[in-house]
Amino acid sequence: MDFSLTDEQKAFRASVYDWSVATLAPGAADRDKEGHWDPEVWKSLAAQGLAGLPVGEEYGGGGASVMDCVIANEAIAEGGHDGGFNLSLGAHWVIGAVPIWLHGTEEQKQRWLPALCDGSMIGAWASTEPEAGSDAAGLQTRAVRDGDDWVINGNKIFITNGPIAGVCNVLARTSEKGATAFIVDTTNPGFQVGRELDKMGCRSSPTAEIALVDCRVPADCVLGEVDQALWRVAFECFDWERTVMIASGIGGMQSTLNTCISYAKDRKQFGRPIASFQAIAHKLAEMKIRLEACRTAVYRAAYLKQTGVEHQMEASIAKYLVGEYSVANALDAIQIHGGYGYLRDFGVERALRDAKLGSIGGGTSEIQKLIISRLLLGDV
Ligand SMILES: Cc1cc2nc3c(=O)[nH]c(=O)nc-3n(C[C@H](O)[C@H](O)[C@H](O)COP(=O)(O)OP(=O)(O)OC[C@H]3O[C@@H](n4cnc5c(N)ncnc54)[C@H](O)[C@@H]3O)c2cc1C
């Protein structure tokens, strides 16, 4: 496997990184403090042609490869230091637009993708419910066929982009064991955005509860096949989350490490830069080791995905490593900064709060271990 970037990829990465430093980073701390989603930053990203990056060019997307999406996501996180923005962007890309692109009918693609790709519309995905988190198959939201329509009733929680999305892919039970994905126009009166959730991190990304109250959708809103969503559409969403979306964690780790290197060289105690103390230098080395382990794991999973090779094990390993190691690195970053790391000023406490989502969203670390052990052991 050759993970070296081509000159074109290097130039692309640099342009995305520069955009992120110039546009995303400046207000990141304030957006975190206020829990504020800034539509102007989103518009600026869309103007860069990045809102539809993974989607085919024929629908207005960027037609980027899986690896290019990873590179962009990583660069945005590294330059912007705004975990919430990456969360909203990742959800828009991989669980909002990509399922429609990969599983939609031609009509559905023509209807939704151009707006999702030019950024005039934001996408979302709603599978999690109050009683169905890790146990995604335990969902209780039901969709019942009524003439030419389906009528959806139920409650969703933790829906990224819920308050700002124009379209939401909603998972609902349609038979005893089967679930179906529905493309729901969020202006549908039965799609009701509830309480906005006050989170510890990724605070610039809006997250909400959603109630589906007699939400009537025409039959042509079914995404993919009836009763097959858990094993097809949802399965693929998890895969994109564990390869492309998780790449923001690497960018965040790189940004945190850069901050720590500068700080450790500048900060003097006992008449010397703290970087000259082995205890601090080794922390930096450990941060770098964890970062490169994560980067290699994510690139490997993404490379296998891109080349069409089975990679469920590698994707779960990547997701697990980023979830756990980004928290470990952020804790070390706070320690390197001493009391100043405990303040908001250097952004390392924010890095910790943002990083923690990596071990929860899109399948917890425990669930990744469950998947890995099942793949190793089979049914025992
Ligand atoms: C900020 C944020 C954004 C999100 N965005 C979205 C979104 O856009 N759309 C969406 O549908 N969902 C979204 N989610 C939901 C997310 O995917 C779930 O939170 C996650 O899957 C875990 O489910 P849960 O929170 O119900 O935890 P639970 O499933 O209740 O888990 C609680 C604990 O038990 C452990 N556990 C559960 N089952 C097992 C088991 N079998 N073996 C071992 N341990 C187990 C878990 O690992 C965890 O430690 C988001 C969540 C957050 C926090």
Side-chain angles (χ1 to χ4, degrees), residues 16-17 19-20 24 28 31-32 37-38 41-42 45-46 48 50-55 61-62 64-102 116-117 119 121-128 158-165 167-169 199 201-208 233-234 236-255 294-295 298-299 301-302 305 315 318-319 322-323 326 351 354-364:
V16 172
Y17 176 80
W19 171 84
S20 185
L24 194 53
R31 290 192 297 275
D32 166 70
W37 165 256
D38 187 346
V41 178
W42 177 256
L45 172 114
Q48 300 296 307
L50 296 171
L53 195 64
V55 175
S65 67
V66 171
M67 280 304 292
D68 286 351
C69 293
V70 163
I71 292 164
N73 203 15
E74 185 187 347
I76 291 169
E78 185 184 332
H81 198 40
D82 182 344
F85 187 84
N86 274 90
L87 171 62
S88 277
L89 172 63
H92 166 82
W93 274 353
V94 312
I95 52 182
V98 164
I100 299 176
W101 176 49
L102 293 180
L116 288 168
C117 291
M121 181 180 279
I122 292 176
W125 166 271
S127 60
T128 305
F158 295 128
I159 307 311
T160 301
N161 297 340
I164 54 173
V167 64
C168 183
N169 304 313
K199 307 189 294 299
C202 293
R203 290 175 48 79
S204 63
S205 168
T207 315
V233 188
E236 198 152 32
C237 282
F238 284 134
D239 182 53
W240 278 81
E241 286 186 313
R242 293 165 195 171
T243 49
V244 171
M245 200 162 160
I246 196 67
S248 61
I250 322 169
M253 288 169 88
Q254 182 69 64
S255 156
C294 289
R295 201 189 318 261
V298 171
Y299 280 20
K305 178 176 177 59
K319 172 73 167 61
V322 175
S326 57
D354 286 355
K356 187 58 195 147
L357 182 62
S359 67
I360 299 172
T364 64

Minimal non-hydrogen separation, Val233 against Pro99, with atom names = CG1-CB, 3.9 Å

request  = Measure the OG1-CH2 distance between Thr207 and Trp37 for me, rounded to the nearest 0.5 Å.
outcome  = 11.0 Å

task = Could you tell me which residues satisfy salt bridge (Lys or Arg N to Asp or Glu O under 4.0 Å) with Glu74, sequence neighbours excluded, listed by chain and number?
result = Arg13, Arg295

request  = List for me each residue that meets side chain to side chain contact (heavy atoms under 4.5 Å, CB included) alongside Ala124, sequence neighbours excluded, and say none if there are none.
outcome  = Ile159, Asn161, Ala165, Cys168

request  = May I ask you to decide if the ring planes of Trp19 and Phe85 are parallel, tilted or perpendicular, using 30° and 60° as cut-offs?
outcome  = tilted

inquiry  = Please evaluate residues Phe158 and Ile360 with respect to the criterion side chain to side chain contact (heavy atoms under 4.5 Å, CB included), reporting the C-alpha separation (whole Å), side-chain torsions for both, the decisive distance (0.1 Å), and the verdict.
reply    = CA-CA 11 Å; Phe158 295 128; Ile360 299 172; over 6 Å; no

ask   = To the nearest 0.5 Å, what is the distance between NZ (Lys305) and OG (Ser65)?
value = 11.5 Å

key: Value rounded to 0.5 Å, distance of CD1 in Ile76 from CD in Gln48   = 9.5 Å

task = To the nearest 0.5 angstrom, please state how far the CG atom of Asp354 sits from the OG atom of Ser255.
result = 10.0 Å

task = Answer yes or no: is there a donor N or O on one side and an acceptor on the other, between the side chain of Lys319 and the main chain of Gly358, under 3.5 Å?
result = yes

message = Ignoring hydrogens, what is the shortest heavy-atom contact between Cys69 and Leu53? Give both atom names and the distance.
response = CA-CD2, 4.0 Å

inquiry  = Quick one: does any side-chain atom of Ser20 pair with a main-chain N or O of Val16 as donor and acceptor, under 3.5 Å?
reply    = no

query = Looking at residues at least two apart in the chain, or sitting in another chain, which of them share a salt bridge (Lys or Arg N to Asp or Glu O under 4.0 Å) with Asp68?
reply = none

message = With a 4.5 Å cut-off on side-chain heavy atoms, are Tyr17 and Glu78 touching?
response = yes

key: Over all atoms of both residues, closest heavy-atom pair of Ser205 and Thr160   = OG-CG2, 3.6 Å

inquiry  = Has Asn169 got a side-chain atom pairing as donor or acceptor with Trp125's backbone, closer than 3.5 angstrom?
reply    = no

ask   = When you measure from the side chain of Arg203 to the backbone N and O of Asp32, does any donor-acceptor pair fall under 3.5 Å?
value = yes

ask   = Do you know the tightest heavy-atom contact between Glu241 and Gly362?
value = OE1-CA, 3.3 Å

note = Sorted by chain and residue number, the salt bridge (Lys or Arg N to Asp or Glu O under 4.0 Å) partners of Asp82 (sequence neighbours excluded) come out as Arg31

note = Note: Val167 and Leu116 closest approach over all heavy atoms is CG1-CD2, 3.8 Å

ask   = Has the side chain of Ser326 got a donor or acceptor atom that lies under 3.5 Å from a matching backbone atom of Val322?
value = yes

query = For Ala51, which residues count as a side chain to side chain contact (heavy atoms under 4.5 Å, CB included) partner, sequence neighbours excluded?
reply = Trp42, Leu45, Ala46, His92

inquiry  = List the residues meeting side chain to side chain contact (heavy atoms under 4.5 Å, CB included) with Ser248, not counting sequence neighbours, and say none if there are none.
reply    = Asn73, Ala77, Asn86

inquiry  = Would you compute the distance between atom CD1 of Ile100 and atom CD1 of Ile95 and round it to the nearest 0.5 angstrom?
reply    = 12.0 Å

remark   = Scanning both residues in full, the closest heavy-atom pair of Ala301 with Thr243 reads CB-CG2, 3.9 Å

key: Between CG on residue Leu50 and SG on residue Cys117, distance to nearest 0.5 Å   = 11.5 Å

request  = Would you check if Trp93 and Pro54 make a side-chain contact, meaning some heavy-atom pair closer than 4.5 Å?
outcome  = yes

